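Beneath this line is the structure, given in structure tokens, with notes to follow.
Everything quoted here is computed from the prediction, not taken from an experiment. When a ligand or atom number is given, it counts from 1 through the structure's own listing order.
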Amino acid sequence: MRNEPVKVGVIGVGHLGQHHAKHYKKLSGTNIVGIFDTDIKRSKKISERYNIPFYDSLIKLLKEVDAVSIVTPTKFHSVVAKICIENGKHIFIEKPITKTLKEADELLELAKQKKVLIQVGHIERLNPALLALKTYNIAPTFIELQRLAPYTSRGTDVPVVLDKMIHDIDILLSLVNNPVRTIQAKGLSILTDSVDIAHARIRFEDGTVASIMSSRIAKDEVRKIKLFQPQLYATIDLLACLTEVYKVIGNKEGGEMSDLVVPFEYNKKMQYIAYEKPAIEKVDLLKLELKNFILSIKNKEKPIVSGKDGRDALKVALEIQNQITQDIN
Ligand code: NAD
């Protein structure tokens with residue numbers, strides 16, 4: 001493990017990038033050298049707010065750092081990331097990794113050549129409500145994922161599938177360790193020129209089926225997952241940070257550690273449903289994600305969400321998006 005602090009920079013300090021800068025400033029083992037944004041007024045504002053130097057050129061910033069966060073709008077991810085990797089910098093790139101699969105593949109290949117690390121900002125992977133499932137034997141047969149958000153103009157440079165649904169696609173691929181067999185998708189535009197509401201049914205090679213629904217024009221924010229498998233049902237509320245698990249157990253003693261055990265009779269045999277609500281501590285996911293990035297660099301380890309993970313989620317997202325577009329046209 002390297003001992004000296006990792007020197008970092010943040011590229012793009014808009015709505016989200018400012019928080020990257022804020023967290024790096026306080027993160028141990030990290031030295032935030034500076035920020036760069038093509039909007040110089042924005043750069044100055046964030047520089048003053050967090051007392052971090054701003055740079056008027058990306059190349060000047062890259063000369064001073066080991067690693068960067070790329071938090072520009074998605075359409076610029078590929079071009080900015082390429083420059084950073086070519087200059088030998090580790091990159092944390094916000095989701096989606098890029099707009100096209102070709103761009104993602106180029107970045108992955110370049111990173112391999114330059115021996116640098118790519119982490120992708122699929123932040124929900126660190127959500128403790130999701131991590132709470134790790135203590136259970138999770139092998140879902142059917143999964144339902146729902147993500148709704150009120151409209152904001154941010155993120156509308158890409159369809160809802162690439163902006164919102166891709167979070168759930170990444171979660172899904174991390175839960176079902178199996179290749180996708182078929183996808184059926186439907187979507188529509190309501191407020192923007194691209195797709196605002198989308199639904200996809202994904203079937204995996206092992207028969208697991210997922211239903212994903214995303215909207216960016218909802219009244220309220222919702223981020224929920226329901227997961228079904230023989231003898232187990234789990235609900236996860238990613239926003240409320242709440243996980244609830246119901247499992248069938250053969251005898252009452254098996255539920256000693258559970259919050260509630262309810263008996264039921266089936267085929268003249270008594271069984272029990274154990275209800276468990278794992279204790280979950282709310283955490284700042286972005287802070288945790290950036291800490292993981294820094295530790296992955298220091299320990300030369302694979303980050304929690306690798307460039308390949310980001311690329312795999314993008315591949316599924318683009319297939320969904322292509323189907324929707326073909327259906328609309
Ligand atoms: P934003 O528009 O608020 O900020 C983007 C900033 O990048 C702006 O200040 C802009 O001036 C700057 N910029 C544009 N082109 C640039 C370039 N070539 N070099 C340097 N700076 C440049 O956008 P945002 O909402 O902060 O989103 C940024 C990225 O973060 C997007 O990829 C988005 O998908 C992602 N995001 C992820 C999450 C998440 O949950 N992980 C949440 C929100 C946004």
Checklist entry - Which heavy atom of the protein is the closest neighbour of atom 2 (O) of ligand 1, given with residue, atom name and distance? => result P73 CG, 4.3 Å
Next on the checklist: Nearest non-hydrogen contact with atom 32 (O) of ligand 1 belongs to which option: H77, H19, K75, K99?
Outcome noted: H77
Checklist entry - Are H20 and F92 close enough that their ring centres sit under 6.0 Å apart? => result yes
Item to check | Electrostatic pair R147:E124 at N-O distance under 4.0 angstrom | outcome: yes
Checklist entry - Counting heavy atoms only, which part of V79 comes closer than 4.0 Å to ligand 1: side chain, backbone, both or neither? => result neither
Checklist outcome for this item: For atom 15 (N) of ligand 1, the closest protein heavy atom turns out to be F76 CD1, 3.3 Å
Checklist entry - Would you call H122 a ligand 1 contact, heavy-atom distance under 4.0 Å? => result no
Next on the checklist: Salt bridge check, R125 against D170: does any charged N sit closer than 4.0 Å to a carboxylate O?
Outcome noted: yes
Next on the checklist: Yes or no, since that's all I need: does a protein heavy atom fall within a distance strictly under 4.0 Å of atom 23 (O) of ligand 1?
Outcome noted: no
Next on the checklist: Any non-hydrogen side-chain atom of V316 less than 4.5 Å from a side-chain atom of V180?
Outcome noted: yes
Item to check | Nearest protein heavy atom with distance in Å, relative to atom 33 (C) of ligand 1 | outcome: K95 O, 3.7 Å
Checklist entry - Which ligand 1 atoms, with their elements, are less than 4.0 angstrom from a heavy-atom of G14? => result 3 (O), 4 (O), 6 (C), 9 (O)
Item to check | Interfacing atoms of ligand 1 (cut-off 4.0 Å, heavy-atom, V80) | outcome: 18 (N)
Next on the checklist: If you measure every N or O of G121 against every N or O of ligand 1, does any of those distances drop under 3.5 Å?
Outcome noted: yes
Checklist entry - Among protein heavy atoms, which sits nearest to atom 13 (N) of ligand 1, and what does the distance come to when rounded to 0.1 Å? => result T38 OG1, 3.4 Å
Next on the checklist: Please work out, at 4.0 Å between heavy atoms, whether the side chain, the backbone, both, or neither of H15 comes within that distance of ligand 1.
Outcome noted: both
Checklist entry - Does E319 come within less than 4.0 Å of K315, counting only side-chain N to carboxylate O? => result yes
Checklist outcome for this item: of all protein heavy atoms, closest to atom 25 (O) of ligand 1 is R154 CD, 3.4 Å
Next on the checklist: So V161 and I166, do their side chains get closer than 4.5 Å, heavy atoms only?
Outcome noted: no
Checklist entry - Does a salt bridge link D163 with R154, judged by any charged N lying under 4.0 Å from a carboxylate O? => result no
Next on the checklist: Would you call the rings of F228 and Y233 parallel, tilted or perpendicular, taking 30° and 60° as the class edges?
Outcome noted: parallel
Checklist entry - Is it true that K89 and D66 have a side-chain N and a carboxylate O under 4.0 angstrom from each other? => result no
Checklist outcome for this item: For H167, the atoms of ligand 1 under 4.0 Å from one of its heavy atoms are 39 (C), 40 (O), 41 (N)
Checklist entry - Among L16, T72, T152, D37, which one has a heavy atom closest to atom 36 (N) of ligand 1? => result L16
Checklist entry - Would you say the ring centroid of F36 lies under 6.0 angstrom from that of Y55? => result no
Checklist entry - Considering only protein heavy atoms, which is closest to atom 41 (N) of ligand 1, and at what distance to one decimal place? => result E94 OE1, 3.0 Å
